[in-house]
Trainee: 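I have a structure here, written as structure tokens, and I will follow up with some questions on it.
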2 protein chains.
Amino acid sequence: MVESDAGTPRERYRAQVQEEIKAHAWGQIRSAGASALSLSAIAKRMGLSGPALYRYFAGRDELITALVRDAYRSLADAVRLQAEAGADLPALARVLRGWALADPQRYFLVYGTPVPGYEAPEDTTAIAAEIMAVLLDAGAAAAPVASAPSALEVHLAEHRAWDGGHPAPPSALRLALAFWTRLTGVLSLELAGHFAGMGFDPEQLYEAEVRALTGR
Amino acid sequence: MVESDAGTPRERYRAQVQEEIKAHAWGQIRSAGASALSLSAIAKRMGLSGPALYRYFAGRDELITALVRDAYRSLADAVRLQAEAGADLPALARVLRGWALADPQRYFLVYGTPVPGYEAPEDTTAIAAEIMAVLLDAGAAAAPVASAPSALEVHLAEHRAWDGGHPAPPSALRLALAFWTRLTGVLSLELAGHFAGMGFDPEQLYEAEVRALTGR
DNA sequence: CGCAATGAGTTAGAACCTATAACGGAAGCA
DNA sequence: TGCTTCCGTTATAGGTTCTAACTCATTGCG
């Protein structure tokens, strides 16, 4: 993806090999899921012998962590890019769905089953905050004019440690949150195959949820 | 869970050992996730030697499939039990959340990351239909009186292969579907830890979604 | 330019894992 | 009693992650 021109030749080579390892890892994950990711298999396909990869990633977990970070990063970039182009909430919703459908396993690396012990590294929480900031921007632009705040809006107004200093009104906090939970709800079920055989078109459900969020 | 008194002594013993294996499997899954499930480790803790377990489950996949089926079954039972006691949608929502919080990894075995190749066995889709039927019952009871049907409701009315012959109106189809997607949306994010550090109480968000579904 | 330091890649091997094969023996049953 | 069924064993093959110890090319400094 990113041609890293900086640094010494060795650093450039190292970064290039790391990218190649991740590319093969994505191939495996796309076809058989993250649990089937095998360092040995990657090494074999790269013409290397197993332990060579440990020069580039301390272990399987560190490779997966890097993949999670890249997945998160690509989502944040996609969303931020559209937002900077002036996209409103419905447009952002379509970006989210497009990103998810383009690679379901990448989506699940971000929003799928967590490993009980696993603690997300600092930078991924920063990326999550970045996504939330975009949603808050768009939510503040779309939030309805003040009526009597709901019980949830009162609660959110009192617990907005996550807003990153964003001056969004309580209704925007609630809107951004609902946007996030409702759309990932549809996407998670759709991508996990829970709609299979039900006959309806998931996209229509998704779009209806978007309309419901933005006031019909 | 179920004391199986039926069958020959051998069949009873076999069923009992199978249950014991699954109990140990749940222990492992609870503490380290499904990917960490190890037949060898289970055998060791049962005082058996590895291959003995293959008399009871053809392999790791078959054991996991059995666990998924049990998890699905326990959710369907919990939901149906409440529905038969006359529970409305908000009460069913609380059952769902209680079931999910009681064992997050069990929830993720049903609604978490799917394995790309994996095809759900016939009986789990039957259980899914059973859950859907309960939601349709409750949805039909709570659905608003007919107004102009939305675009989604028209679409659902034309693609209701999944309703199992339930005579629910389009608005009830839409309500049951939204109930399912919105609440699993909140639960999946909450249980995966995506709300960690945000400060607000996930239950208040959940209850607000329930209120929004049932008309404030 | 030359030489030491750095680091990439190798093989060997330990400790796991799933899964199969072949065997011994106990339990059920006629 | 004797036969059949099936449980549990050990042995084994082949897979995985990961560490250790070694070779050797490349880099960069004096």
Side-chain angles (χ1 to χ4, degrees), chain A residues 4-68 109 115-118, chain B residues 4-68 109 115-118:
Chain A
S4 44
D5 305 325
T8 68
R10 254 191 175 147
E11 282 170 340
R12 289 205 307 156
Y13 175 76
R14 184 178 175 78
Q16 189 179 325
V17 174
Q18 276 181 330
E19 288 303 317
E20 193 181 347
I21 292 170
K22 289 196 285 188
H24 281 97
W26 279 120
Q28 288 194 3
I29 288 177
R30 234 170 269 129
S31 62
S35 63
L37 187 144
S38 156
L39 292 188
S40 304
I42 293 173
K44 199 163 291 178
R45 288 188 64 176
M46 289 178 67
L48 294 177
S49 249
L53 298 199
Y54 287 81
R55 294 279 171 199
Y56 300 94
F57 294 96
R60 216 185 89 108
D61 284 3
E62 195 180 290
L63 173 56
I64 291 183
T65 297
L67 296 173
V68 170
L109 226 46
V115 175
Y118 186 75
Chain B
S4 46
D5 304 326
T8 68
R10 252 189 178 153
E11 282 170 340
R12 291 205 306 156
Y13 175 74
R14 185 180 174 75
Q16 188 178 327
V17 175
Q18 276 180 330
E19 288 303 317
E20 193 181 345
I21 292 170
K22 290 196 284 188
H24 281 97
W26 279 119
Q28 289 194 0
I29 287 177
R30 235 170 269 128
S31 61
S35 64
L37 187 144
S38 155
L39 293 187
S40 304
I42 293 173
K44 199 164 289 180
R45 288 186 66 173
M46 289 178 67
L48 295 176
S49 248
L53 297 199
Y54 287 81
R55 296 280 172 203
Y56 300 93
F57 294 96
R60 215 185 89 109
D61 284 3
E62 194 178 291
L63 173 57
I64 290 183
T65 296
L67 296 173
V68 170
L109 227 46
V115 175
Y118 185 75

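Residue numbering restarts at 1 for every chain, and letters A, B, ... go by the order of the sequence lines. Remember, it's a predicted structure, so these values are computed and weren't measured experimentally.
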Trainee: Find the distance B:R14:CZ to C:dA27:C1' and express it as a whole number of Å.
Mentor: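 Going from B:R14 (CZ) to C:dA27 (C1'), I get 15 Å.
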
Trainee: To the nearest 0.5 Å, tell me how far B:L63 CG sits from B:L53 CG.
Mentor: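 Here the interatomic distance stands at 8.5 Å.
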
Trainee: B:S40 side chain N/O closer than 4.0 Å to the phosphate oxygens (OP1, OP2) of C:dC16?
Mentor: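 Result: no.
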
Trainee: What are the two closest heavy atoms between B:P116 and A:G33, and how far apart are they?
Mentor: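 Where B:P116 meets A:G33 most closely, the heavy atoms are CG-N, 3.4 Å.
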
Trainee: I'd like to know if the side chain of B:R55 and the backbone of B:R14 have a donor-acceptor N/O pair within less than 3.5 Å.
Mentor: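 Judged by distance alone, no pair lies under 3.5 Å.
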
Trainee: On DNA chain D, check which nucleotide each of A:T8 and A:K44 is closest to and give me the residue with the more 5' one.
Mentor: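 Taking each residue's closest nucleotide, the earlier one in sequence belongs to A:K44.
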
Trainee: Tell me what B:S38 touches on the nucleic acid: a base, only sugar-phosphate, or nothing, going by heavy atoms under 4.0 Å.
Mentor: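 The answer is sugar-phosphate, as B:S38 gets under 4.0 Å only of primed atoms, P, OP1 or OP2.
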
Trainee: What are the two closest non-hydrogen atoms of A:L67 and A:A25, and how far apart are they?
Mentor: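 Looking at all heavy atoms of both residues, the shortest contact is CD1-CB, 3.8 Å.
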
Trainee: Just to be sure I understand the rule, does B:Y56 reach a base, reach only the sugar-phosphate, or reach nothing, if contact means heavy atoms closer than 4.0 Å?
Mentor: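 Answer is sugar-phosphate: B:Y56 comes under 4.0 Å of backbone atoms only.
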
Trainee: Would you classify A:R10 as touching base, sugar-phosphate or nothing, given that sugar-phosphate means primed atoms plus P, OP1 and OP2, and contacts are heavy atoms under 4.0 Å?
Mentor: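 It contacts base atoms.
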
Trainee: Please tell me if the side chains of A:D61 and A:Y118 come closer than 4.5 Å, counting only heavy atoms from C-beta onward.
Mentor: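 Side-chain contact under 4.5 Å: no.
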
Trainee: How do B:G59 and A:Y13 order along DNA chain C: which one's closest nucleotide is nearer the 5' end?
Mentor: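 Taking each residue's closest nucleotide, the earlier one in sequence belongs to A:Y13.
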
Trainee: Hey, does A:F57 have a side-chain heavy atom less than 4.5 Å from the side chain of A:K22?
Mentor: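 Yes - at least one pair of side-chain heavy atoms lies under 4.5 Å apart.
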
Trainee: Over how many whole Å does the gap from B:L39 atom CG to C:dA19 atom P extend?
Mentor: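 From B:L39 CG to C:dA19 P: 6 Å.
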
Trainee: Rounding to an integer number of Å, can you tell me how far A:Y54 OH sits from C:dG13 P?
Mentor: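 After rounding, the reported distance stands at 18 Å.
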
Trainee: Using whole Å, report how far CZ of A:F57 lies from C1' of C:dG9.
Mentor: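 Taking CZ of A:F57 and C1' of C:dG9, I get 17 Å after rounding.
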
Trainee: Which is the 5'-most and which the 3'-most nucleotide of DNA chain D that has an atom under 4.0 Å from a heavy atom of chain A?
Mentor: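 Taking any atom under 4.0 Å from a heavy atom of chain A, the span is D:dT16 to D:dG28.
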
Trainee: Identify whether any heavy atom of B:R60 sits under 4.0 Å from a base atom; if not, whether one sits that close to sugar-phosphate; answer base, sugar-phosphate or nothing.
Mentor: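 The residue B:R60 makes sugar-phosphate contact but no base contact.
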
Trainee: To the nearest angstrom, how far is B:I42 atom CD1 from C:dC16 atom P?
Mentor: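 Rounded to whole Å, this separation is 17 Å.
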
Trainee: If you compare all heavy atoms of B:R60 against all heavy atoms of B:L37, which two are closest, and at what distance to 0.1 Å?
Mentor: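 Heavy atoms only, the tightest pair is NH1-O, 2.5 Å.
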
Trainee: Calculate the interatomic distance between A:E11 atom CD and C:dT6 atom P; express it in whole Å.
Mentor: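 One finds 15 Å between P of C:dT6 and CD of A:E11, rounded.
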
Trainee: How close or far is atom C1' of C:dA19 from atom CZ of B:R55, stated in whole angstroms?
Mentor: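 After rounding, the reported distance stands at 13 Å.
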
